[in-house]
Structure formats: C-alpha cells, structure tokens
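Note that the structure is a prediction, hence the values are computed from the model and not measured.
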Amino acid sequence: MLSAKAAELVRATLPVVGAELETITARFYDTMFAERPELLDGLFNRGNQRNGEQRKALAGAFAAFAGALLADPGRRPDELLARIAHKHTAVGVTDDQYVIVHKYLFGAIADVLGDALTPDVAAAWDEVYWLMAGALIAMESRIYAEAGARDGRTWRAWRVVERREETPDTVSLVLSPLGDEPVPPARPGQYVSVRVTMPDGVRQLRQYTLSGHGQDGRRSITVKRVRDGEVSSLLHATVKEGDELTLSAPFGDVALEDGDAPLVLVSAGIGCTPIAAMLRHLADTGSRRRVLVLHADRSRADHALRADMERHTDALPAGERVFWYETPGDGDRTGLMDLEGVEIPEGAVVYMCGPVEFMRAARTGLIEAGVAPRDIHYEVFGPDLWLAAA
C-alpha cells in the first residue's frame with residue numbers, strides 16, 4: 001500500500017490539497033477537454049461537466065481514497081472503488097485513459113499549488129493516484145470479463161418493441177436484443193448505458209436502471225425527462241417502437257443479493273426503477289422473504305411504475321408497502337417520507353435509491369430504527385456526490 005514516506009507527506013498536505021481539489025479538478029477538465037475534445041464524444045457526460053457534478057465527484061472520490069489510505073494503511077477501500085469501477089465500465093473506460101487523466105490531473109495540481117508542490121510532495125500524491133488507478137484497472141478488467149467484453153467493447157444494438165407512457169414526464173422502453181450473440185446476464189438493480197448521437201453529431205451516454213428484464217432476453221428502461229437533460233429529452237421526443245438503441249452490458253455493484261433476511265426497499269421519485277426491478281425478480285421467483293416497500297413521490301400521478309410496484313408487492317406472501325405522496329389523499333401517508341410508526345423488520349437488509357438528500361435522511365431514520373449501517377445499500381444516478389456531500 002502507501003509507503004511510509006508518502007503517507008507522512010500526504011497526511012501533512014491533505015488539508016491544503018483537499019481545500020483546492022475542486023479548483024484542481026476544474027482546471028483538469030478544462031485543460032483536458034481543450035486539448036482532447038474527442039473525449040466528450042461518447043465517453044464523458046457534458047451535462048455533468050456544465051453543472052459541475054463530475055468535478056465534485058472526482059474531488060470527493062480522490063480525497064476519500066487518500067483519507068482511507070491514511071486511516072487504515074493495511075486496508076484498501078474496495079467498496080468505494082467498486083462503485084467507481086462499475087461506473088467506468090458502463091461508459092467503456094480503458095486502461096490507457098488513466099495515463100491521459102494522470103497527465104492532465106497532475107498538470108492541474110502543479111498549476112494550482114505552485115511552489116507548495118515540491119518534488120517529494122508530487123511523488124507522494126503520484127503514489128496515491130497510481131494505487132487508486134491500479135486497483136480500478138484490475139477491478140474493471142474483472143468486470144469486463146464477467147460481461148464477456150474486453151477494452152470497453154460492451155455495446156450492442158437493441159430494438160424498441162414497446163413504448164409505455166408511465167407519467168407525463170416518464171416513459172418505459174421495452175427492448176429486444178438484435179443479433180445472435182448471447183445476452184449478458186443482468187442482476188436486479190443494475191443499469192445499462194444508452195449511447196445516442198445528439199443533433200450536433202456528438203455521442204452522449206447516460207445510465208438507466210433496468211426496470212425489468214425477463215428470461216426471453218427482453219429488457220426495459222424507464223426514463224424520466226430531466227430539465228436541461230439533453231439525452232432524456234431526445235429519448236422522450238424521438239424514440240418510438242421499431243427504433244434501434246445502442247446499449248452497454250449491465251453494470252452496477254448495488255444489486256439484489258439472494259438470502260433469507262427481511263428486505264426494506266426504499267425509494268423516491270424515479271429512484272423507484274431499481275426497486276421495481278428487485279420487486280419483479282422477487283415476485284417472479286416466488287420469494288417468501290419479508291419485504292417492506294417504502295416510496296415517496298409528489299403525487300400518485302407522478303409515481304412511475306406504481307402499478308408494477310403494487311402488483312409485485314401484493315404477489316409476495318410477506319410483502320407490505322407504504323407510499324407517501326405530497327398531494328393530500330393520494331397515498332397511505334401525506335408529505336415527505338417519515339419512518340415514525342413504520343415497523344422496520346429486525347435484521348433487515350436495505351436497498352434504496354433517490355435524491356442524495358432524501359437518502360441521507362432515510363439512512364439516518366433507518367439506523368435509528370435499528371438497521372446496521374453495513375446493511376444499507378444505495379444507488380446514485382449520475383456522479384456519486386454522496387461522499388462529497390458528507
């Protein structure tokens with residue numbers, strides 16, 4: 001792991017580097033895209049570049065990795081790395097791109113820190129970078145192998161065989177694979193990348209949870225139209241039955257695990273998509289686990305996949321659901337999700353998805369109700385700002 005000399009220097013300079021990380025990552029992205037604009041075509045999400053989310057996520061992840069190395073030098077933070085590795089494989093990151101990132105990231109560090117970045121300090125942070133990059137490269141290689149792919153080549157064409165309007169701003173697309181190649185397996189809760197060509201000719205990728213998949217090889221994604229979301233708006237406006245879409249293999253480390261422990265499935269808004277997939281799997285396999293479904297939304301009409309969630313929960317022998325809607329009279333409870341009076345099963349395993357602030361509040365309530373923090377698993381759409389917001 002981190003050498004003793006590097007650990008001493010990283011510990012001494014972490015406050016300075018941490019304070020400047022967002023400035024460093026902003027400089028990094030600006031310089032890299034100015035010199036390598038092709039990276040925005042089919043790899044980086046330019047929407048997340050504009051709103052700064054990618055910059056915050058990179059800064060948070062790099063600082064969290066360095067802090068973890070210092071806190072426990074003998075243990076690598078694989079949980080953090082696994083989440084990043086799955087995000088990377090979903091967009092087709094390859095080994096050689098870590099060299100490109102290193103060049104521009106450390107150029108930005110030198111520009112921002114100036115004389116404070118001595119050769120010894122630079123070498124120490126270089127060690128941190130390559131420990132993180134090396135671990136990610138190894139993880140991503142294994143993930144690609146499990147998906148039957150190499151070097152990010154996970155793409156294939158699918159045909160839209162059904163389009164369902166779930167709510168005024170949410171649509172489900174049922175997809176059938178094209179070609180004779182075997183369909184990579186998917187686990188309930190995983191996501192795929194959808195690659196589309198924008199009107200200006202630039203390809204953009206977005207990740208969408210598989211809201212359903214069956215033994216016939218068909219899969220479905222549920223897309224919420226996001227304000228200023230160029231890909232979601234394009235899919236809503238143009239995609240119809242018979243069209244072809246390009247999808248990656250399924251990825252994501254937050255997927256339903258088999259077992260006998262009670263389940264609590266928690267979501268808000270479009271965060272219901274992985275929960276709906278998990279519920280469908282449980283119903284299709286005749287699970288007898290105790291399952292408590294908790295969902296919050298603006299109104300009954302805004303609740304995408306509501307009928308599916310109700311039907312699959314009701315099909316479970318030990319299934320129970322509580323829905324919160326902000327519109328009075330629409331659901332079991334009115335307002336934001338509040339766990340007061342909700343019986344959380346002892347020994348429960350939790351899966352949740354939704355806005356970060358919603359999940360932070362829900363996690364606090366679940367821990368207060370007796371759920372072990374290690375048993376709470378969450379999925380974040382887009383860059384993972386959970387650590388950066390901590």
Side-chain angles (χ1 to χ4, degrees), residues 18 21-22 25 45 47-61 63-64 67 79-80 83-84 87 167 169-170 189 191 206-209 222-229 232 252-254 264-276 278 292-300 302-306 309 322-327 330-342 344 348 350-390:
L21 261 178
E22 284 200 39
T25 53
N45 179 328
N48 288 333
Q49 296 302 323
R50 285 193 295 266
N51 63 27
E53 288 191 356
Q54 189 65 59
R55 178 171 69 245
K56 293 177 182 177
L58 174 59
E79 184 176 348
L80 163 68
R83 182 175 295 273
I84 297 170
K87 297 284 187 182
T167 73
D169 61 359
T170 307
Y191 52 81
R206 296 295 185 272
Q207 286 73 52
Y208 296 104
T209 302
T222 301
V223 181
K224 181 181 177 65
R225 183 169 47 224
V226 180
R227 179 181 296 179
D228 299 326
S232 66
D253 61 324
V254 182
V264 180
L265 307 179
V266 184
S267 58
I270 198 60
C272 65
T273 51
I275 302 306
M278 294 177 187
L292 174 61
V293 181
L294 308 176
H295 179 79
D297 226 310
R298 292 194 300 268
S299 69
R300 182 180 175 86
D302 289 306
H303 183 173
L305 303 172
R306 175 185 52 78
M309 294 177 69
V322 184
F323 294 162
W324 284 258
Y325 297 130
E326 294 177 38
T327 301
D330 263 11
D332 303 293
R333 300 193 179 193
T334 300
L336 304 179
M337 185 178 291
D338 181 353
L339 297 183
E340 184 177 354
V342 177
I344 304 298
V350 176
Y351 294 89
M352 65 178 177
C353 186
V356 169
E357 288 307 314
F358 162 81
M359 291 196 295
R360 288 170 66 86
R363 182 176 184 272
T364 298
L366 289 162
I367 291 172
E368 291 174 351
V371 179
R374 67 177 179 276
D375 290 329
I376 301 176
H377 311 282
Y378 70 93
E379 184 58 272
V380 174
F381 294 153
D384 190 345
L385 301 180
W386 184 282
L387 287 170

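- When Val266, Val380, Leu366 are each tested for a side chain to side chain contact (heavy atoms under 4.5 Å, CB included) with Met359, only one passes: Val380.
- Both tests pass for Lys87 against the ring of Tyr191: distance under 6.0 Å to the centre and angle within 45° of the axis.
- The aromatic rings of His295 and Phe323 lie perpendicular to each other, with more than 60° between the two planes, well past the 30° mark.
- Atom CG of residue Asp169 and atom CZ of residue Arg227 lie 11.0 Å apart, to the nearest 0.5 angstrom.
- Among the candidates Val371, Leu339, Asp375, Leu294, the single residue satisfying the side chain to side chain contact (heavy atoms under 4.5 Å, CB included) test with Val264 is Leu294.
- Under the 3.5 Å distance criterion, the side-chain polar atoms of Thr327 are matched with a main-chain donor or acceptor of Arg298.
- No donor-acceptor distance shorter than 3.5 angstrom exists from the side chain of Asp330 to the backbone of Tyr325, with no hydrogens or angles considered.
- Using modelled atom types, one side-chain atom of Ser232 and one backbone atom of Gly229 make a donor-acceptor pair closer than 3.5 Å.
- A cation-pi contact links Arg83 to Tyr378, judged by a cut-off of 6.0 Å to the six-membered ring centre and 45° from its axis.
- Using a 4.5 Å heavy-atom threshold, the side chains of Arg306 and Cys272 count as separate.
- The 12-atom threshold is not exceeded at CD of Glu79, counting heavy atoms of other residues, nucleotides or ligands nearer than 6.0 Å.
- Ile275 pairs with exactly one of Met352, Glu379, Met309 by the side chain to side chain contact (heavy atoms under 4.5 Å, CB included) rule, that one being Met309.
- Look at Arg333 and Asp338 and you find no salt bridge, because none of the NZ, NE, NH1 or NH2 atoms lies under 4.0 Å from a carboxylate O.
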